[in-house]
Amino acid sequence: MPVIFPRSLDFRVRQLGVGLVAGVGLFVTGFYYYALPSYTRVGYTPEQPVPFSHQLHVGHLGMDCTYCHQSVFESPHASVPASQTCMNCHNPKKANVKGASPLLAPVRNSYDTGAPVEWKRVHKLPEYAYFNHAVHVNKGVSCVSCHGQVNEMAVVSHDQTLSMGWCLKCHNAPEKSLRPVGEVTNLTWAPDKASAAADGAAIKKALAVNPPMSCQACHR
């Protein structure tokens, strides 16, 4: 019988099969790895040099987020408070709250020397992604949307994946995450369930919220 297919074709088919299996395996492995909490940092709760409790300061004492994160409405960065901010309440020379507490020694040292407290960063986007806090909070996106119920956290942990898909889901339907700008830092605020959809749509229209969906919006 005449040969229909050359012998080399058998080898190439085997190569293709092996390559296909390897490719699928690599894709599944990569997808699984990048979806793991260890990569997205979800649940990451580092021990800080000073045991600052948002649950106490925000949840129980009612401090506003902007008292410490002062630039969040004007800057791309929320900013970490200087030791002066802490000493407004904890200065031992003014007999303020727990001024002599040994737990606050790093803060007092920072205030006296000018050396910053070495806080450990919790929430972190990849270096290739751009995020502007001021743009979001001025459009009605609350701290809770990205950082979770910080007012209930004795120790802050990484709450959301902050992945591209997670961001695009909000960009695609921003009205679900919007609230009045005056309530952005009110972490206990909740929408009226009966009118939540209509209220979100109204805020979106009033604030001209039109989140970009293009690559260059976040990858600059």
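Just the heavy atoms: all of them, side chains too, but no hydrogens, waters or symmetry mates, feed the values below.
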Counting N and O atoms only, with roles assigned by atom type, does the side chain of T185 sit under 3.5 Å from a partner on the main chain of D64, one being a donor and the other an acceptor?
no

d(S83 OG, L104 CG) to nearest 0.5 Å is 11.5 Å

Look only at the side chain of H90 and the backbone of V97, and say whether a donor-acceptor pair between them is shorter than 3.5 Å.
yes

For N186 against T188, the heavy-atom pair lying closest together:
OD1-OG1, 2.9 Å

Closest heavy-atom contact between R108 and G99?
NH1-O, 2.8 Å

Rounded distance [0.5 Å steps], CD in E152 versus CD in Q55
8.0 Å

Quick check for you: to the nearest 0.5 Å, what is the distance between F131 atom CZ and H136 atom NE2?
4.0 Å

Under 3.5 Å, which donor-acceptor pairs do the side chains of residues 191-211 form with other protein atoms, sequence neighbours left out?
from : atom 1 : to   : atom 2 : distance (Å)
D192 : OD1    : A194 : N      : 2.9
S195 : OG     : D199 : OD2    : 2.8

Could you list the cluster mates of L168? Members are the ILVMFWY residues connected by side-chain heavy atoms closer than 4.5 Å, either directly or through other members.
M164, M213

Does atom NZ of K169 have more than 12 heavy-atom neighbours, drawn from other residues, nucleotides or ligands, at distances under 6.0 Å?
no

Would you find a donor on one side and an acceptor on the other, under 3.5 Å apart, between the side chain of S145 and the backbone of V141?
no

Does S71 use its side chain to pair, donor to acceptor, with the backbone of E74 at less than 3.5 Å?
no

Do you know which two heavy atoms are closest between P81 and C68, and how far apart they sit?
CB-O, 3.5 Å

Trace of the side chain to side chain contact (heavy atoms under 4.5 Å, CB included) decision for M87 with V107:
CA-CA 8 Å; M87 294 296 275; V107 175; 4.1 Å; yes

Roughly how far, to the nearest 0.5 Å, is the OG atom of S142 from the CZ atom of R179?
3.5 Å

Kindly assign one of parallel, tilted or perpendicular to the pair Y128 and H219, based on the angle between their ring planes and the thresholds 30° and 60°.
tilted

Spacing of C146 atom SG and H123 atom NE2 [to the nearest 0.5 Å]:
8.0 Å

Should Y67 and N88 count as side-chain neighbours, where that means a heavy-atom distance under 4.5 Å?
yes

Scan side-chain atoms only and decide if Y130 and N132 contain a donor-acceptor pair under the 3.5 Å cut-off.
yes

How far apart are the closest heavy atoms of F73 and V181, and which atoms are they?
CE2-CG1, 4.1 Å

Please report the shortest heavy-atom distance between P106 and P49, naming the atom on each side.
CG-O, 3.8 Å

Evaluate side chain to side chain contact (heavy atoms under 4.5 Å, CB included) for V50 paired with W119, printing each intermediate quantity in order.
CA-CA 8 Å; V50 179; W119 300 103; 3.6 Å; yes

Below 30° counts as parallel, above 60° as perpendicular, anything between as tilted: where do the rings of H147 and H133 land?
parallel

Quick check: are there more than 12 heavy atoms from other residues, nucleotides or ligands sitting under 6.0 Å from NE2 of H77?
no

Can you confirm whether P212 sits close enough to H171 that some side-chain heavy atom of one is under 4.5 Å from a side-chain heavy atom of the other?
yes

How close do P180 and W189 get, heavy atom to heavy atom, and via which atoms?
CD-CZ2, 3.7 Å

Hey, which of V58, V144, D159, L187 is the one that makes side-chain contact (heavy atoms from CB on, under 4.5 Å) with V150?
L187

Is the closest basic N to carboxylate O distance between R121 and E118 below 4.0 Å?
no

Apply side chain to side chain donor-acceptor pair (under 3.5 Å) to Q149 and list each qualifying residue two or more places apart in sequence or on a separate chain.
N151

Would you say the side-chain atoms of H158 pair up with the backbone N or O of G43, donor to acceptor, closer than 3.5 Å?
no

Please tell me if the side chains of P46 and Q48 come closer than 4.5 Å, counting only heavy atoms from C-beta onward.
yes

With clusters defined by side-chain heavy atoms of hydrophobic residues (ILVMFWY) lying less than 4.5 Å apart, directly or transitively, does V135 cluster with V137?
no

Check: F52 and V155 side chains under 4.5 Å, non-hydrogen atoms
no

Please report the interatomic distance CD(E175) to SG(C170), rounded to the nearest 0.5 Å.
9.0 Å

